[in-house]
Amino acid sequence: MTDAITEHASWRNAALPATERADALIAQMTLREKTAQLFGIWVGASAEGGEVAPYQHDMTAVVDLDEILPHGLGQLTRPFGTLPVDAGTGALSLMRSQQRIAASNRFGIPALAHEECLAGFAAWGATAYPVPLAWGATFNPGLIRRMAAAIGADMRSVGIHQGLAPVLDVVRDARWGRVEETIGEDPYLVGTIGTAYIQGLEGAGIVATLKHFAGYSASRAGRNLAPVSIGPREFADVILAPFEMAVRESGVRSVMHAYTDTDGIPSAADAELLTGLLRGTWGFTGTVVADYFGIAFLKELHRIAGTLGEAGSAALSAGVDVELPTVNAFGGHLLREVESGRLDIAVIDRALRRVLVQKIGLGLLDPDWSPVPAALAGTLNDGGGDDGGVTAVADAVRGSITLDPPENRRLAAEVAEQSIILTANNGILPLAAPQRIALIGPNADNPMAFLGCYSFPAHVGSQHPGTPAGIDLPTVAESVRAEFPQSTVTVVQGCSIDGAETGGFDEALAAAEAADVVIAVLGDRAGLFGRGTSGEGCDVESLVLPGVQQQLLDALLDTGTPVVLTLLTGRPYALGGAPGRAAAVVHSFFPGEEGGPALAGVLSGRINPSGRLPVSVPASPGAQPATYLSAPLGRMTEVSSIDPTPAYAFGHGLGYTTFEFSDLVLDGPQQFPVDGETGISLTVTNTGGRDGAEIVQLYLHDPVASVVRPVQRLIGYARVPLAAGASARVSVTVPADIASFTGARGNRIVEPGLLELQIGCSSTDIRLRREVELTGSTRTVDHTRRLHCDFHVRDLQVREVPVRGFKVGKITGTG
């Protein structure tokens, strides 16, 4: 249907600016052609390599592609992530669909295809990486950037353009089911790790999508989609901070609105948020996409619209450009709003221009655009061309694409290893090849125990029980047996993850009593909307371990056999008396397909753990909401009987070596102006007997401010790997801007006064302190302020350090 004249049209001219090309195309389009670019269709790839088919859902109207495609199509929703499909035939199916879409509309515009990628490319057979909460535990942005680049490369190779990640919501209540999808409870950690992920994804040519903008994680009582009732200061300083950093520094090209309303204003209809702040203040120029069905929810759930037309008009006017996952309000309903005069066509054109500019940036309107993805180019050119019929070509490409190659697995292992947190250890770890190991718990021999709810096997595969996972998932039992080949390993489930039955306790206790050590493998099952104990819609009333796992743990502790508690979870849980009674506690937040070997390696000592808690671990299951970012009255006081003090604090983590912080020096002025900077430096020494990595954490304490402030907050960190006995000098430049906050009048300010810089190994293990003072008058700052302290790590000559009766010297540091 494409007119020949379009081959030489100005919108095909790659030498022209994208905005000029978009405007030229918009001038030629009918109203229906315009609106068609503003929505997606939820589809599933064909297992036989044929065109994608519309996916029906209870929130989805029946879609007639023959009726829609002549007018064009904005997006294809999850062609790989809807059904288990071989990557080769899935890529072929998407390719053929793009051919049809481009050929059906008179401008030859293909669709933009998007997928989920919260824990890797959510496709059958693709690498399942650790979940975002595990990314936060690494405190290693560079590693997460490399992981995201690998994910993006896999997606781009099969024809995907956009990834719906990362989640930049800051944890405010650990009862919320989607904690596993977040990076942590500190906005600076979330911002830096999230920004690195976006840089990796965007660098691979994939449009990253910030979500959920904004406030979703602060819903009341941790209930999914519940109203948000936080004040503007918390909203600005905690919720918005990671998004602002990402928009400024990452090159992100898309943002997804949140489902929730804040003080009665749904994010999907909040023009001040989506247009005023995001675009007007921060300068974002990409697209805003709807969270799935979020526009229809303005009518169905929020009830600020009486019709889908009103809902679509409200969202579009506020700044939402694309309706996902499929057409509800942005189709015929939106047309009628324009035709009736209730919606100005200029609002349609505004969104359309952003969509087309993005498609132009992806090369989709270039004259040499090809629907053939890179991963199929060689196969189709080497005898598998598209002239032998659907079946013949599908047979040629089936199995030709590997989305979980060895290099991906090595990277997944590296992230898993750096994300594991040793939270307690009485000296039992690393295990010295015990003769008899009792491996007990519902996650001891469960291959799904490592996967978050947005991994393909949990998200989609669970709905197809006869289909294999598509990737190798070595269990803890398999990994422990491989790690300790000389040990006798007895595996007993003991109980299910969330059931009430205790009939397996007797066998578990008998195994524990006969063993030299118990490895109790407890935790969550990821799922959606009640199908799991962690994940979207799987909120909890209190932070007690699911089912009867706490009872099993208590019974195991009572046997007297040393218990190493190993947790595979999507959120932190209160652990009863285990912090004081267990021989060791190991936390792992859904560490992905290589989680089993990584955990076994930590238990054996092959891996020296260096993960740090991205969220506090509560001492009490009911003291929520609580995070370390609390004001003085948010901590333990004499006027409340509830003690929110955590069992293990944000930033905490142990290893198999020790580190000493010393020689703190103020490298800049002790007094400096509110627009100036200072500097500090310290020496970090590995005083133990083996190589390891310390996370140097810098916190800010503002003792007196014009508004109530958190007792402390993270303002910087550095991962410092050091050989045994080695030292490094860590220097930090601290700009006054870092001390800014939202003042009483709603503007961001830097106030004069005393500040305390705290350097430690966690938010509660502060090793060194230095008081400085800001001088001058209160200064107003904006979104151009400095967001980071600059860290520089320099190796020092190694000094000899006595270690367990012998000396280690002349070892070069690796920092």
Side-chain angles (χ1 to χ4, degrees), residues 40-46 49 51-53 55 73-102 109-129 147-166 197-198 200-211 252-254 256 286-287 289 292 322 324-326 355 358-359 361-364 369-377 379 397 400-405 408 454-456 459-460 470:
I41 297 295
W42 196 339
V43 297
S46 165
E51 293 173 2
V52 298
Y55 174 69
L73 179 62
Q75 291 215 12
L76 286 170
T77 293
R78 301 188 67 181
F80 285 84
T82 298
L83 298 168
V85 177
D86 169 80
T89 52
L92 181 63
S93 178
L94 177 58
M95 181 195 81
R96 285 180 163 142
S97 300
Q98 291 283 40
Q99 288 173 327
R100 178 186 176 190
I101 292 166
I109 307 172
L112 186 153
H114 77 259
E115 283 290 354
E116 298 283 0
C117 55
L118 266 170
F121 179 16
W124 187 82
T127 305
Y129 291 93
M147 180 195 73
I151 294 169
D154 285 340
M155 297 171 74
R156 200 74 176 97
S157 74
V158 295
I160 298 301
H161 307 103
Q162 181 170 1
L164 303 188
Y197 179 89
I198 298 159
L201 208 63
E202 289 278 356
I206 293 292
V207 175
T209 309
L210 307 185
K211 59 186 194 183
V252 67
R253 287 179 283 175
S254 191
M256 175 182 281
T287 58
V289 301
Y292 285 12
V322 180
L324 299 178
T326 198
V355 167
Q358 192 161 92
K359 286 193 172 186
L362 291 165
L364 299 182
W369 171 80
S370 169
V372 181
L376 288 185
T379 304
V397 303
S400 65
I401 298 174
T402 301
L403 295 177
D404 189 31
N408 279 18
Y454 269 84
S455 66
F456 187 90
H459 198 76
V460 180

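In this text, all values refer to a predicted model and were calculated from it rather than measured experimentally. For this chain, numbers begin at 1 and follow the sequence in order. Hydrogens, waters and symmetry mates play no part in the numbers below; they use all other heavy atoms, side chains included.
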Measure the spacing between [atom1] of [X] and [atom2] of [Y] and express it to the nearest 0.5 Å.
{"X": "Ile101", "Y": "Ile109", "atom1": "CD1", "atom2": "CD1", "answer": "11.5 Å"}
{"X": "Gln162", "Y": "Ile160", "atom1": "CD", "atom2": "CD1", "answer": "10.0 Å"}
{"X": "Leu164", "Y": "Glu115", "atom1": "CG", "atom2": "CD", "answer": "8.0 Å"}
{"X": "Ile206", "Y": "Ser254", "atom1": "CD1", "atom2": "OG", "answer": "12.0 Å"}
{"X": "Leu362", "Y": "Trp369", "atom1": "CG", "atom2": "CH2", "answer": "12.0 Å"}
{"X": "Phe121", "Y": "Thr127", "atom1": "CZ", "atom2": "OG1", "answer": "11.0 Å"}

Between [X] and [Y], is there a donor-acceptor pair closer than 3.5 Å when you use the side chain of the first and the backbone of the second?
{"X": "Ser93", "Y": "Gly90", "result": "no"}
{"X": "Arg78", "Y": "Gly44", "result": "no"}
{"X": "Thr287", "Y": "Val289", "result": "no"}

Specify the closest pair of heavy atoms between [X] and [Y], including all atoms of both residues, with the distance to one decimal.
{"X": "Gly163", "Y": "Thr209", "result": "O-OG1, 2.9 Å"}
{"X": "Val460", "Y": "Pro84", "result": "CG1-CD, 4.3 Å"}
{"X": "Val85", "Y": "Thr89", "result": "CG1-OG1, 3.6 Å"}
{"X": "Leu76", "Y": "Ala111", "result": "CG-CB, 3.9 Å"}
{"X": "Asp404", "Y": "Ala126", "result": "CB-C, 4.4 Å"}
{"X": "Ile401", "Y": "Gly88", "result": "CD1-CA, 3.7 Å"}

Legend entry - Sequence-distant partners of Thr77, side-chain hydrogen bond (donor to acceptor under 3.5 Å, both in side chains), two or more places apart: none

Test of understanding: with side chain to side chain contact (heavy atoms under 4.5 Å, CB included), list the residues that count as partners of [X], not counting sequence neighbours.
{"X": "Ala208", "result": "Ile198, Leu201, Glu202, Val252"}
{"X": "Ala149", "result": "none"}
{"X": "Pro373", "result": "Ala91, Met95, Leu376"}

Inset, instruction - Apply side chain to side chain contact (heavy atoms under 4.5 Å, CB included) to Tyr197 and Cys117, showing your working. - result: CA-CA 11 Å; Tyr197 179 89; Cys117 55; 3.4 Å; yes

Inset, instruction - Would you check, one step at a time, whether the test side chain to side chain contact (heavy atoms under 4.5 Å, CB included) holds for His161 with His114? - result: CA-CA 6 Å; His161 307 103; His114 77 259; over 6 Å; no

Legend entry - Gln75 and Ile41: CA distance, side-chain angles, deciding distance, side chain to side chain contact (heavy atoms under 4.5 Å, CB included) verdict: CA-CA 6 Å; Gln75 291 215 12; Ile41 297 295; over 6 Å; no

Name each donor-acceptor pair under 3.5 Å that joins a side chain in residues 150-157 to protein atoms two or more places apart or in another chain, with its distance.
{"from": "Asp154", "atom 1": "OD2", "to": "Asn408", "atom 2": "ND2", "distance (Å)": "2.8"}
{"from": "Arg156", "atom 1": "NE", "to": "Gly205", "atom 2": "O", "distance (Å)": "3.3"}
{"from": "Ser157", "atom 1": "OG", "to": "Asp154", "atom 2": "O", "distance (Å)": "2.7"}

Legend entry - Working for side chain to side chain contact (heavy atoms under 4.5 Å, CB included), residues Leu324 and Trp42: CA-CA 8 Å; Leu324 299 178; Trp42 196 339; over 6 Å; no

Legend entry - Listed partners of Arg100 passing salt bridge (Lys or Arg N to Asp or Glu O under 4.0 Å), at least two apart: Glu51, Asp66

Legend entry - Lys211 to Tyr292, cation-pi by 6.0 Å centre distance and 45° axis angle: no

